[in-house]
Amino acid sequence: MNPHADRSLDAFNDEDSNTSDNPTIHSVLDARLSRRTLLRGGVGGAATALLGSLALAACGGGDDDDPAPAPAPAPTEKLLGFTAVSKGLADSVVVPAGYTASVLYALGDPLTAAAGAYANDGSDADMEDRAGDHHDGMEWFGLSASGAPSTTSNDRGLLAVNHEATTDERLSSFFLHPNGGTSMLPRPAAEVDKETAVHGIAVVEVRKNAGRWECVKDSAFNRRLTALSEIEIAGPARGHALLVTKFSIDGTKTRGTLNNCGTGKTPWGTFLTGEENWFGYFTRGAADDAARGNDKSVTSLRRYGRNQGAASRHGWETGGADDKYARWNNSKLGASADGSDDYRNEMNGMGYIVEIDPYDKTRPAKKRSALGRFAHESAAFGKVTAGQPLAVYMGDDSRNEYIYKWVSAASWETADASAADRLAAGDKYLDSGKLYVAIFAADGTGQWVELSIAHPAIAGSVTYAFADAADVVVNARLAADAVGATRMDRPEWCSANPANGEIYFALTNNSNRRVEPGASPQLAPDGANPRAYTDIKGAATAQTGNPNGHVLRIKEDAAGAAATSFTWDVYLFGAESSAAPGAVNLSSLTADQDFSSPDGLVFSPATGICWFQTDDGAYTDVTNCMMLAGLPGQVGDGKKVTLNYPKATGGTLTVDTFVGKTPTADTLKRFLVGPVGCEITGLAETPDGKTMFVNVQHPGETTAMADVGDPTKYTSQWPSNAGYGAGQRPRSATIVITKDDGGRIGS
Ligand code: FEO
Ligand code: CA
Ligand code: CA
Ligand code: CA
């Protein structure tokens, strides 16, 4: 979701609701597309050095009838040899010359033989049998010709896709309903049922047929999990008192996965999905603190964004008497001591990394509670080494939140790459281990601090009385507070560089950074979050803090996955190319490289390219959201920079930071610009690197609900204006990108 969009409901996407300095988006359709003149330089083979070094690719079994691995690329291939795409405001997907982007899988597309074509006028029903809304993170799981899991198939596979949210205003997901839906309480049951059904995840089979990619609508693999699907609780929170609800009096299960944002792919071939801004879907009564006796659950609820009296994003709790509506009311309503007669503990069932076996829809999904409960983005595995524990890196995307690492207790056994019972492998590596949080020091080093009930600051916390290890992971934010974790500029996705194992984190922006911070949550800049400045949007809208974000990277010490110390620097600072070079545009980005609000970030296993994507509201007066390709070096390849901030009260605030090597035209360039009002997110590739899948989320998000009946007032009509599907309402969709000469994407 775009935290800048001027909608009152955006408070639900960030529990720190101090959004007053975020400007309004009024995108203007302005088809000023111009392509930069061709800059193709000398062609050489050096860039292919990253090939084939990745140990992160998932491995299934049963490759018996797969084709042989793709041959090595021709020696003339030059990564980032394409011509950069210019910034632009067109209502279309723009990719470089020589590439083709086609729409593959859009909101409402049928996923069963029985479901018909999507009418896209609000009349469609049976949304559990269709593509969900707001496509986000996505992973590829190959299928052999016989339908077995395959790590080498390039023409048949499953896409596991997050369906994060809906485009909404005043409660209603207005593009989903005939006349925009009901924007007051109570919400009609039929509208609520439709909205809960478009959230969650999908598994959809895709294949290349006569040279064109298509979805297989009647595939037996197709699957949806919605905001109401039954899901198991796994790890330390399973069966804990904190998870007891009327639906699960033994605390072992819950319903739904919600606001699924980033993703991960395990080395044993399963899908991980992160639950991000789930708290906004729940309401709490105005006197709920007292009803709970002001016990410690109130501290937890406040830390996770639900003060008493908080309204829910969609009013789903008002859909009727059925329990499936009641569960969205997180108030203490019953008389029981343990919460087995109401949903006072329901929010403790959300906020996890959820594991799904994409190849077996008979297996229930599992919420991996050991990896902590917060606003999860992606779950990125570090370098996978036989005999070593596995590390999973994660961000908590809210302003001033933290970066986490999971380290498995079990050491990696390569045989598990083809485990017959994939979720049992998940039990092995994701239920037992240690959860750490990052502390960044000003000198370019950092520490991982274990969130253990044995840590004196956690055991002795006066803010929250942790009961046991399960209480620590369920209230990971409070535990991280206690040990003094570093508050970051909204950690979004992370990904491991296959060339050297370093981990990259997108820090999207933070409107709370101030040279002279006022009351909390304003924060002074520090080494790892060093910028506080003002950017002007449009004619005169001032955006303060760190409006453009940055990409941080860390290098673990010699212990690798199990390391408790690291070094860091900033790979790139987002900025406008015209911004002050020594203060704001610290990476000296050119017009072909400049970007704002990095969010999705994925290293390609095939090419080693660092792809990153924007979910921006700061630079959208000039350009729609985009995707860029980078060929980074390593931590420490740049220099130390000292930023001097004059204080209004006199004196200077001095902040040292470490900036990565300045990119060149050969190491960073813009690859794609999306349609109006969208964010670009999610990326999956076939193993040969020749087919790329990317998601376009919420085109036309800036349309007013009042205009739902007038297509001429939609701020976007994509993808129907690209010839895809019925109706003119904008739809989130997956696109498939290929290179016209059959080469790898990014060459
Ligand atoms: Fe769903 Fe933090 O992006
Ligand atoms: Ca985002
Ligand atoms: Ca600007
Ligand atoms: Ca995102």
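Both ligands and their constituent atoms are indexed starting at 1 by order of listing.
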Close side-chain approach of Tyr619 and Asp594, heavy atoms under 4.5 Å: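 Yes, their side chains come closer than 4.5 Å.
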Heteroatom N/O/S of Ala618 within less than 3.0 Å of the Ca ion (ligand 3):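 Ala618 does not place any N, O or S atom closer than 3.0 Å to the Ca ion (ligand 3).
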Starting from the C-alpha separation in whole Å, work towards a yes-or-no answer on side-chain contact (heavy atoms from CB on, under 4.5 Å) for Asn529 and Leu523. CA-CA 10 Å; Asn529 305 275; Leu523 288 176; over 6 Å; no
Among the N, O or S atoms that [X] has, which is closest to atom 2 (Fe) of ligand 1?
{"X": "Asp397", "value": "OD2"}
{"X": "Glu492", "value": "OE1"}
{"X": "Glu377", "value": "OE2"}

By atom name, which N, O or S atom belonging to Glu576 lies closest to the Ca ion (ligand 3)?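 Within Glu576, restricted to N, O or S, the Ca ion (ligand 3) is closest to atom OE2.
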How close do Thr263 and Ser378 get, counting heavy atoms only, and between which atoms?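 Looking at all heavy atoms of both residues, the closest pair is O-CB, 3.2 Å.
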Shortest non-hydrogen contact from Arg513 to Arg487?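 Residues Arg513 and Arg487, closest heavy atoms: NH2-O, 2.7 Å.
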Among Asn259, Asp133, Asn695, find the one that has a side-chain contact (heavy atoms from CB on, under 4.5 Å) with Glu164.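 The passing option is Asn259.
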N, O or S of Asp615 under 2.8 Å from atom 2 (Fe) of ligand 1: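 Coordinating: no.
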What angle, to the nearest 10°, do the atoms OE1 (Glu276) and OE2 (Glu164) form about atom 1 (Fe) of ligand 1?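 Between OE1 of Glu276 and OE2 of Glu164, the angle at atom 1 (Fe) of ligand 1 is about 80°.
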Does the ring center of Phe381 lie less than 6.0 Å from the ring center of Tyr393?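 Not close enough - the centres of the two rings lie 6.0 Å or further apart.
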